[in-house]
Structure formats: C-alpha cells, structure tokens
Amino acid sequence: MGMAFSAIAGLISIYSFMCIIRIFLTWAPGLSYNPVTRFFSRVCDPFLNIFSRTGLLRFGQFDFSPLLAFAVLSFLERLFTILASGSGLTLAAMLTTLITLVWIITRDILIILIAIILIRFIITFTKFDSYSNSMLSAFDYNFNPFIYNITNFITGKKPVNYRKSLAIAGIALALLVFLGNLAVQKILMLIVYIPL
C-alpha cells in the first residue's frame, strides 16, 4: 500500500509542476493558441479555476488564488507521503502540515505585497506617474485602499503623504511576516506535545 501512496504523492508533485508551467504560460498571451499551451490549459485550468472563482485571494486585477491551489496540492502530497512512510497519520502531523501550509500561503502573499509596494515606492522617485502608465494606474486603483487602511490603522488616521504611506505599509507588512514566522514556530513546537 505504501508504494501506491508514494506513487500518488509523486503524481501530485508532477501535477503541481504542470500547474506552475500553466501559470507561466498565461503570462505570454501570444502563446494561447499553441498546442502545448492548450494541453496545459485542458489539464490544469479546471483545478486552478476552482480557486480563482472563489475570489478569496483577488485584489482587483491581481489574482493570488494559485497560491491556494498549490497549498491544497502540497497538503495532499504531504498527506500521501506520510501514508506512504507507514508512520501513521497523527493529529500532530496533520495540524503541523495544515498550519505550515496556511502560513506559507499567507507569508507568500505578504511578501508579494511587500515587493509590489517596494517597487511602487521606488517609482515615486522617478518621473513616471500613474496617469500616464496603465500598469501603475491599475496598481494604484487596486492597492491604494489597502495601503491607506494599513497607514490609517498605524497613524490613527493622521494625514500622511503617498510615499510615507507606502513606506509605512511596507514596513508593517514586513513586521507582520517576521512576527508571523515567530508565532508559527512557537505553535509548531507546542503541537509536538499533542499526545495523538
């Protein structure tokens, strides 16, 4: 039975890699009619679309739902790897896997947001403006409410210019990633003591 579980875990790993390729192919719209792209679309889109339709991880035009899809695949792969090892499925192992995957999704989204905010912060020192650049305009439209909510929470709604607001939001998110890592490590150390 262990061989079957190991094979399933291997297939899930291959499918995850195929989904990554599919996502990269969507970034090249000129390839949409390519037979290879259509193959990956037929194989991966039904699964990826399940998470995309929920809209849970969508920020305007930016869709982070593939991270949730990969978390589910990683959870299943880990589950079948545990079953293949024959060590048994314990409550502690399941909780550890689940908490780790939830944190990985959260952390990755925060890191992406920090990177986007950092890029936008750097752009404020250049001659580009959001009115002449459609990508910047899309960013500002989708992310400014989020950035200003963080800034208002920290400053108590004290007026802050846009550059400072970006800096405050970026630092707050970086601090959240740092504290989140510490909290998850502590929680995982406590789970070891669960007797089941």
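Quantities reported herein were computed from a predicted structural model and do not represent experimental measurements. All values below come from the heavy atoms of this structure, side chains included, with hydrogens, waters and symmetry mates left out.
Rounding to the nearest 0.5 Å places OG1 of Thr81 at 10.5 Å from CD1 of Ile8. Ile187 contributes atom CD1, which lies 11.0 Å from atom OG1 of Thr96 (distance to the nearest 0.5 angstrom). For the atom pair Ile147 CD1 and Leu166 CG, the distance stands at 5.0 Å (nearest 0.5 Å). In this structure, CZ in Phe5 is found 5.0 Å from CG in Leu83, a value given to the nearest 0.5 Å. A distance of 10.5 Å separates OG1 of Thr37 from CZ of Arg42, quoted to the nearest 0.5 Å. The CG atom of Asn149 sits 9.5 Å away from the OG atom of Ser165 when rounded to the nearest 0.5 Å.
Between Glu77 and Ser13, the closest heavy-atom pair is OE2-CB, 3.5 Å. The two residues Ser16 and Phe70 make their nearest non-hydrogen contact at O-CE2, 3.5 Å. Tyr15 and Val43 make their closest contact through OH-O, 2.9 Å (heavy atoms, listed as atom of the first residue, atom of the second, distance). For the residue pair Val160 and Ile168, the shortest heavy atom distance occurs at CG1-CD1, 4.2 Å. The two atoms that bring Asp45 and Ser41 nearest to each other are OD2-OG, 2.7 Å, heavy atoms only. Between Ile114 and Gly170 the shortest heavy-atom distance is CG1-O, 4.1 Å.
Side-chain contact between Thr151 and Phe146 is absent, with no heavy atoms from C-beta onward closer than 4.5 Å. Contact check for Leu173 versus Val177: no side-chain heavy atoms found under the 4.5 Å cut-off. A 4.5 Å side-chain heavy-atom check between Phe47 and Arg22 finds every atom pair outside the cut-off. Contact of the Thr97 side chain with the Ile82 side chain is registered, since non-hydrogen atoms from C-beta on lie closer than 4.5 Å.
With sequence neighbours excluded, no residue satisfies side chain to side chain donor-acceptor pair (under 3.5 Å) with Arg38. Residues passing the ring pair (Phe, Tyr, Trp, His ring centres under 6.0 Å) test with Phe153: none are found, sequence neighbours excluded.
By the criterion of side-chain heavy atoms lying less than 4.5 angstrom apart, applied directly or through intervening Ile, Leu, Val, Met, Phe, Trp or Tyr residues, Phe51 is grouped together with Ile21 in one hydrophobic cluster. Put simply, Ile117 and Ile122 are part of two different groups of oily side chains (I, L, V, M, F, W, Y) that touch within less than 4.5 Å, one to the next. In the hydrophobic clustering of ILVMFWY residues, with side-chain heavy atoms under 4.5 Å counting as a link, Ile105 and Leu98 come out together. Placement of Leu76 and Ile20 within a single hydrophobic cluster is found when ILVMFWY residues are connected by side-chain heavy-atom separations under 4.5 Å, directly or transitively. Phe24 and Phe39 fall within a single hydrophobic cluster, where Ile, Leu, Val, Met, Phe, Trp and Tyr side chains are chained together by heavy-atom contacts under 4.5 Å.
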* To do: Please lay out, stage by stage, how Lys164 and Phe121 fare under the test side-chain contact (heavy atoms from CB on, under 4.5 Å).
  => CA-CA 9 Å; Lys164 284 183 183 173; Phe121 179 77; over 6 Å; no
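Cation-pi check for Arg120 over Tyr162 is not met; the charged atom does not lie both under 6.0 angstrom from the ring centroid and within 45 degrees of its normal.
Side chain of Asn49 to backbone of Ser52: no donor-acceptor contact under 3.5 angstrom is found.
Hydrophobic side-chain contacts under 4.5 Å tie Phe178 into a cluster, directly or through other members, with Leu175, Leu179, Leu182.
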